[in-house]
Q: 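Structure below; questions to follow.
Lettering follows sequence order; numbering is per chain, from 1. All heavy atoms count here, side chains included; hydrogens, waters and symmetry mates do not.
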2 protein chains.
Amino acid sequence: MSGWQPVRRTRAFEDVIARIEERIAGDGLTVGDRLPGERQLAEQLQVSRSSVREAMRVLETLGVVSSQVGRGPDAGAVLTARPAGALTDLLRLHLGLASLSLEEVIDARLMIEQWSAARAAGHGADLSALSDALERMDQATTAEDFVEHDTAFHVAIAEASGNRLIAAMMRSLRDSVRRYAIEAVERLGDTGGLMTDHHLIRQAIVSGNPSEASAAVETHLRRAYPDIFRTPVTSGPPGADDRGRGEDQARSEDRGRADG
Amino acid sequence: MSGWQPVRRTRAFEDVIARIEERIAGDGLTVGDRLPGERQLAEQLQVSRSSVREAMRVLETLGVVSSQVGRGPDAGAVLTARPAGALTDLLRLHLGLASLSLEEVIDARLMIEQWSAARAAGHGADLSALSDALERMDQATTAEDFVEHDTAFHVAIAEASGNRLIAAMMRSLRDSVRRYAIEAVERLGDTGGLMTDHHLIRQAIVSGNPSEASAAVETHLRRAYPDIFRTPVTSGPPGADDRGRGEDQARSEDRGRADG
DNA sequence: GACCACAGTATGGTCTGACCATATCGAGTC
DNA sequence: GACTCGATATGGTCAGACCATACTGTGGTC
């Protein structure tokens with residue numbers, strides 16, 4: 001076998017990324033610290049400013065830097081920690097490309113949310129965000145409003161699990177299908193069933209019952225996405241990724257049904 | 001309240017991304033299709049080539065396009081479906097920034113792998129990749145080699161679940177900690193225990209026993225990362241994300257122990 | 001006709017240098 | 001002290017050039 005890959009010569013901007021990464025690790029830079037200006041960085045690394053800028057676009061996309069124009073302490077490229085934005089863009093684009101199906105996304109969400117709810121029920125985290133979101137959902141007058149606070153509710157569950165990676169995934173899974181969620185709520189009209197589920201989920205978490213919380217989440221998502229959970233389990237095509245041009249199309253699927 | 005956000009004027013390259021995204025959705029472009037050349041795209045969208053290039057860097061980072069130089073049918077920007085690369089970079093950088101901890105990453109991996117194994121045991125997917133990987137692990141002479149096929153084994157489980165998003169997550173969770181895994185295997189020396197676990201996992205999946213598969217995965221990861229699973233559950237700080245400058249540091253943690 | 005050498009050309013990759021918009025800083029003024 | 005307004009540093013954008021790469025097509029050679 002000997003999986004030989006055509007060695008593409010490292011591009012200048014990739015080198016810049018690597019150097020910045022080294023600097024983060026080496027100098028112990030953390031969130032909030034500033035990077036040198038683009039011109040200065042270009043001179044230091046002996047590349048053009050364009051290459052530095054392309055590197056910055058990548059780092060910005062990945063949610064590790066944020067660029068501000070102007071002058072002063074807040075200007076320039078600052079290290080940040082915003083993984084969810086990247087994940088959201090990634091999911092949205094791959095959904096658009098049909099390299100991921102809505103079914104797969106919802107399925108992943110079920111996994112994450114069941115895990116989060118069970119974990120949150122296990123240790124007494126701060127759950128006031130859950131109540132707040134429920135209250136705001138009750139007062140919501142538009143579908144857009146409802147979905148916003150609904151997202152806040154479900155993200156709060158993930159945050160209560162104590163795992164920031166899981167929380168970021170939850171937020172991006174929600175945000176990437178935000179459009180469909182709003183449409184679905186508008187189509188649905190009555191959100192009473194969803195709210196009943198919400199209260200049951202919160203109750204299970206508050207009372208510290210992991211398996212009940214997990215079950216309540218499943219009930220909720222089955223109500224919200226009846227089309228997707230029609231069949232007991234999904235069985236899509238495997239392998240959707242790197243290593244050896246593993247491109248593969250995705251079967252067309254229905255985007256649909258309610259929010260959650 | 002009224003969460004006002006400073007409305008940053010859309011940058012040219014962001015507009016380019018949006019237009020390309022529209023074109024993907026509108027023209028029904030799919031994986032394998034080519035985008036116009038950078039110069040042509042710049043003229044069409046009335047921006048400079050630099051802006052087009054910055055947009056391409058973002059799309060490349062997100063794994064939806066791949067650029068080849070030269071001329072011919074394969075040259076230029078081609079739509080691809082490689083979400084795992086982006087996820088890997090994201091995790092690696094955020095780990096470096098300590099905006100995610102190794103503990104959180106391993107924890108997420110446990111969740112994903114338990115789910116995958118259970119799902120894979122549920123429906124009879126092709127499991128030959130599992131056997132292949134096990135065989136190659138047995139023949140591996142270096143830690144690097146072992147980890148490569150070990151990764152293949154665990155990714156194969158995720159792929160057998162039938163969910164490409166989950167599979168991509170699995171691959172990136174593994175790849176992002178590849179360095180630590182290799183070091184850990186070198187330190188460990190004997191991989192016999194890990195291999196025993198592997199066979200048990202495979203056996204449970206093959207015989208269609210979801211709960212046994214899930215349990216075997218947990219056993220395996222507890223062996224591989226004793227430091228992380230010392231406590232029954234993790235309870236890291238919540239909230240690691242967007243919306244309102246939610247930057248927060250991460251406590252320092254041990255990067256450690258064996259692979260899996 | 002089959003093969004090969006080579007010029008042509010379209011592609012991304014990089015660089016330079018300029019100018020703009022924005023936001024702070026700081027000297028000068030009232 | 002408060003205000004005004006130019007200086008300045010920052011990212012954002014543009015135009016135009018040149019390079020390396022890799023296919024295309026042409027024309028010659030056998």
Q: Return whichever of A/G76 or B/G72 has its heavy-atom-nearest nucleotide of DNA chain D closer to the 5' end.
A: A/G76
Q: Hydrogens and angles aside, do A/T151 and A/R174 bring a side-chain donor and acceptor to less than 3.5 Å of each other?
A: yes
Q: Could you tell me the separation between the CG atom of B/D74 and the P atom of D/dC23, rounded to a whole number of Å?
A: 8 Å
Q: Check whether any side-chain nitrogen or oxygen of A/R11 sits under 4.0 Å from OP1 or OP2 of C/dT14, and answer yes or no.
A: no
Q: What are the two closest heavy atoms between B/V64 and A/H94, and how far apart are they?
A: CG1-NE2, 3.5 Å
Q: Going by number, which of residues 37-52 of chain B have a non-hydrogen atom under 4.0 Å from DNA chain C?
A: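 When residues 37-52 of chain B is checked for heavy atoms under 4.0 Å from DNA chain C, the hits, listed by number, are B/G37, B/E38, B/R39, B/R49.
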Q: Between the side chains of A/R92 and A/D89, is the shortest nitrogen-to-carboxylate-oxygen separation below 4.0 Å, so that they form an ion pair?
A: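 Yes.
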Q: Measure the shortest side-chain to side-chain distance between B/I20 and B/L41 over non-hydrogen atoms and say whether it is less than 4.5 angstrom.
A: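 They are in side-chain contact.
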Q: Ignoring hydrogens and geometry beyond distance, is a side-chain donor-acceptor pair present between A/Q44 and A/R23 at under 3.5 Å?
A: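 On atom types as modelled, these side chains qualify, holding a pair under 3.5 Å.
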Q: In whole angstrom, give the distance that lies between atom CD of B/E14 and atom C1' of D/dG12.
A: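 After rounding, the reported distance stands at 11 Å.
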Q: Could you check whether any side-chain heavy atom of B/L79 comes within less than 4.5 Å of a side-chain heavy atom of B/L35, counting everything from C-beta outward?
A: yes
Q: Distance check needed: D/dT13 P versus A/E54 CD, whole Å only.
A: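 Spelled out: CD on A/E54 to P on D/dT13 is 13 Å.
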Q: Tell me whether the side-chain N or O atoms of A/R71 pair up with the base of D/dT8 as donor and acceptor below 3.5 Å, since no angle test is needed here.
A: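 Counting by modelled atom types and ignoring angles, a donor-acceptor contact under 3.5 Å is found here.
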Q: For A/R53 and C/dC15, give me the distance from atom CZ to atom P, rounded to whole Å.
A: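 Whole-Å distance recorded here is 15 Å.
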Q: Side chain of B/V69 only, heavy atoms from C-beta on: which candidate in D/dT24, C/dT14, D/dT21 is closest?
A: D/dT21
Q: What's the CD-P distance between B/E60 and C/dG13, to the nearest Å?
A: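 From B/E60 CD to C/dG13 P: 7 Å.
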Q: Nearest nucleotide by nearest heavy atom, which residue falls closer to the 5' end of DNA chain C, A/F13 or A/G70?
A: A/F13
